[in-house]
Amino acid sequence: MKNSLDNCKKLFPEWDKKTDNYCALQKEMGNNEIAMIGDSHANHLFLGMSEAHKEEGVAVFPASCASPLLDTAAGLYTYESLNSENKIFNGRQNTYKLINQAYKYVLSNKKIRDVILAHNPMCSYNGNVMDMRNPSETNGNKIIERGLRRSLDALTEAGKRVTIVIDNPEIKFEPKACIVRPLRLTRAGARCSYDRSIYDQNAAHKIYNTIIRKVVKDYPSVRVVDLSKKFCNDKTCTLFVDGHEVYEDRTHLNKYGSRYVAPFILGNGSDK
C-alpha cells in the first residue's frame with residue numbers, strides 16, 4: 001500500500017494536504033488501466049479492486065465527501081445540520097478541485113480504459129451540493145444530474161468505459177454489535193441482519209440512485225453496478241458474509257467487504 005501512496009504523491013504532492021483521503025496508484029503513473037473517482041466510498045473499494053486487478057493496475061482518487069462529478073462540490077455541510085436552518089459548514093468546498101484534477105489526469109491518460117465513479121449519497125443530499133459552473137442553482141437534483149451528464153460526456157468522448165457504483169446500504173447501528181463474544185449463545189451473525197425496508201426508505205440513496213438510472217438511459221455504454229444486491233435480498237440486508245463482518249462503520253466497508261464486492265464491480269454486476 002505504501003508504494004501506491006508514494007506513486008500518487010509523485011503525481012499529486014498536495015493531495016493529502018487538502019483532504020483526509022489519500023490518492024493511490026497501484027502502478028507508477030501512466031501504467032494503470034483502471035481509475036476510481038469519488039469520496040471515501042471510492043477509497044474503501046481500493047484494496048479489493050487492487051487485489052482483483054493487480055495485472056491491470058488500479059488508481060483511486062478520493063476526497064472527503066466529494067462528488068465524483070466534474071465541477072460539482074459536495075459535502076459542504078455536516079450530516080447533522082442538513083435538516084437544520086443553521087447549517088454547520090464542513091469546509092470541504094474545495095475538494096471538487098481535486099476531483100477535477102483527477103478527471104484531467106484520467107481523460108488525458110490513454111492507458112486508463114475503465115473509470116469507476118463511487119459516492120456516498122448522504123454527501124450530496126438535501127442541498128449539500130453545488131454546481132461550480134452555476135453556483136446560483138439551488139435545486140440539488142438538477143445539480144447532480146447536470147454534473148453527471150457533463151462527466152459522462154467527457155469520459156465517453158475520451159473513449160473510457162464507465163461504471164457507476166450504486167452505493168452499499170447505510171446501516172443504522174454500529175458493526176461492533178455483530179462481534180462474536182465468548183459467552184454469546186446466539187450463532188455468529190444472528191444480529192447482523194436488518195429489514196430491507198430500512199435501505200429502501202433511505203431518502204438520500206433513493207434520490208441519488210433515481211438520478212443515476214434516469215441519466216444512464218441516454219448513455220448506453222455506461223454500466224451501473226448496484227452493491228445493494230451483494231448485501232440485500234428481497235426481505236433483509238446483512239453486514240455479515242461468509243463468516244466475516246464486512247463493514248468498518250455504518251457506511252464504509254472493511255477489508256473483507258472490499259474484497260467481497262470487487263469481483264462484482266467490473267464482472268457481471270452491471271444492471272445494463
Side-chain angles (χ1 to χ4, degrees), residues 36-42 44-45 62 65-77 79 82-83 87 96 99 103 115-134 137-156 160-172 194-237 250-253 261 264-266 268-272:
M36 301 188 294
I37 300 175
D39 53 17
S40 59
H41 286 216
H44 72 191
L45 300 176
C65 229
S67 166
L69 310 177
L70 277 167
D71 286 324
T72 308
L76 305 180
Y77 304 100
Y79 290 169
L82 288 179
N83 294 314
K87 291 186 176 180
Y96 81 93
I99 299 300
Y103 266 90
V115 179
I116 299 165
L117 306 180
H119 184 52
N120 175 5
M122 273 300 298
C123 290
S124 298
Y125 177 57
N126 195 15
N128 206 14
V129 64
M130 180 181 293
D131 185 344
M132 303 312 296
R133 296 189 187 181
N134 183 17
E137 177 61 70
T138 59
N139 186 311
N141 293 0
K142 289 183 179 179
I143 293 170
I144 295 170
E145 179 172 343
R146 289 173 183 170
L148 181 56
R149 289 186 184 278
R150 75 170 65 111
S151 303
L152 295 182
D153 285 342
L155 291 168
T156 56
K160 309 300 181 183
R161 298 188 303 200
V162 183
T163 297
I164 303 174
V165 175
I166 297 287
D167 201 35
N168 53 278
E170 176 185 1
I171 57 178
K172 297 300 181 182
Y194 57 96
D195 196 286
R196 185 196 166 99
S197 64
I198 295 174
Y199 168 69
D200 290 335
Q201 293 169 10
N202 184 300
H205 284 252
K206 286 175 65 175
I207 292 169
Y208 190 76
N209 297 350
T210 297
I211 295 170
I212 288 173
R213 296 192 184 282
K214 172 188 174 183
V215 170
V216 296
K217 290 178 181 178
D218 296 328
Y219 298 85
S221 67
V222 174
R223 302 170 68 251
V224 176
V225 172
D226 186 348
L227 294 189
S228 73
K229 292 183 177 181
K230 298 297 291 181
F231 299 95
C232 304
N233 58 31
D234 291 342
K235 296 182 179 180
T236 60
C237 299
R250 294 188 180 192
T251 70
H252 295 94
L253 302 177
V261 300
F264 183 69
I265 292 174
L266 289 182
N268 61 355
S270 176
D271 289 355
K272 294 178 65 180

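It should be emphasised that the depicted structure is a prediction, and the values quoted were computed from it without experimental measurement.
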Heavy-atom distance under 4.5 Å between the side chains of I164 and L148, does that happen here? yes

P121 vs I207 side-chain heavy atoms within contact, under 4.5 Å: no

Taking every heavy atom of L227 against every heavy atom of V261, the minimum-distance pair comes out as CD2-CB, 4.0 Å

Under 4.5 Å between any side-chain heavy atoms of I166 and H205, yes or no? no

Audit row: R150, D131, side chain to side chain contact (heavy atoms under 4.5 Å, CB included) steps and yes/no: CA-CA 11 Å; R150 75 170 65 111; D131 185 344; 3.1 Å; yes

How long is the straight-line distance from CG of N168 back to SG of C237, given to the nearest 0.5 Å? 10.5 Å

I need the F264 CZ to L45 CG distance, nearest 0.5 Å. 12.0 Å

Are the side chains of K172 and N202 in contact, using a 4.5 Å heavy-atom criterion? yes

Passes side chain to side chain contact (heavy atoms under 4.5 Å, CB included), M36 versus V165? Steps please. CA-CA 10 Å; M36 301 188 294; V165 175; over 6 Å; no

Audit row: T72, R146, side chain to side chain contact (heavy atoms under 4.5 Å, CB included) steps and yes/no: CA-CA 9 Å; T72 308; R146 289 173 183 170; over 6 Å; no

Is any side-chain heavy atom of M122 less than 4.5 Å from a side-chain heavy atom of T251? no

Go through the steps for V216 and V162 under the test side chain to side chain contact (heavy atoms under 4.5 Å, CB included), then give the verdict. CA-CA 10 Å; V216 296; V162 183; over 6 Å; no

With a 4.5 Å limit on heavy-atom distance, are the side chains of D71 and Y96 in contact? yes

Could you check whether any side-chain heavy atom of V215 comes within less than 4.5 Å of a side-chain heavy atom of I144, counting everything from C-beta outward? no

Correct closest heavy-atom pair for V222 and T156 would be CG2-CG2, 4.1 Å

Pairwise distance CG(L253) to NE2(H41) - rounded to 0.5 angstrom: 7.5 Å

Any donor-acceptor pair under 3.5 Å from S151 side chain to L70 backbone: yes

Could you report the tightest heavy-atom contact between L117 and P68, atom names first, then the distance? CD2-O, 3.8 Å

Closest non-hydrogen contact found for R196 with C232 is NH1-CB, 3.4 Å

Less than 4.0 Å between a side-chain N and a carboxylate O, is that true for K142 and E137? no

Distance (rounded to the nearest 0.5 Å) between I37 CD1 and Y103 OH: 5.0 Å

Output yes when D226 and R213 qualify as a salt bridge under the 4.0 Å nitrogen-oxygen rule, no when they do not. yes

Where do A74 and A66 come nearest, in terms of heavy atoms and distance? CB-C, 4.3 Å

Check: N120 main-chain N/O paired with D39 side-chain donor or acceptor under 3.5 Å: yes

Ring-plane angle category for H252 and H44, please: parallel below 30°, perpendicular beyond 60°, tilted otherwise. perpendicular

How long is the span from the CE atom in M130 to the OG1 atom in T138, to the nearest 0.5 Å? 10.5 Å

Side-chain heavy-atom pair Y219, L155 within 4.5 angstrom cut-off: no

Distance col, row T210:OG1 vs E145:CD, nearest 0.5 angstrom, shows 11.5 Å

State, to 0.1 Å, how close C65 and H119 come at their nearest heavy-atom pair, and which atoms those are. O-CE1, 4.1 Å

Tell me whether R223 contacts the main-chain N or O of I265 through its side chain, where contact means a donor paired with an acceptor under 3.5 Å. yes

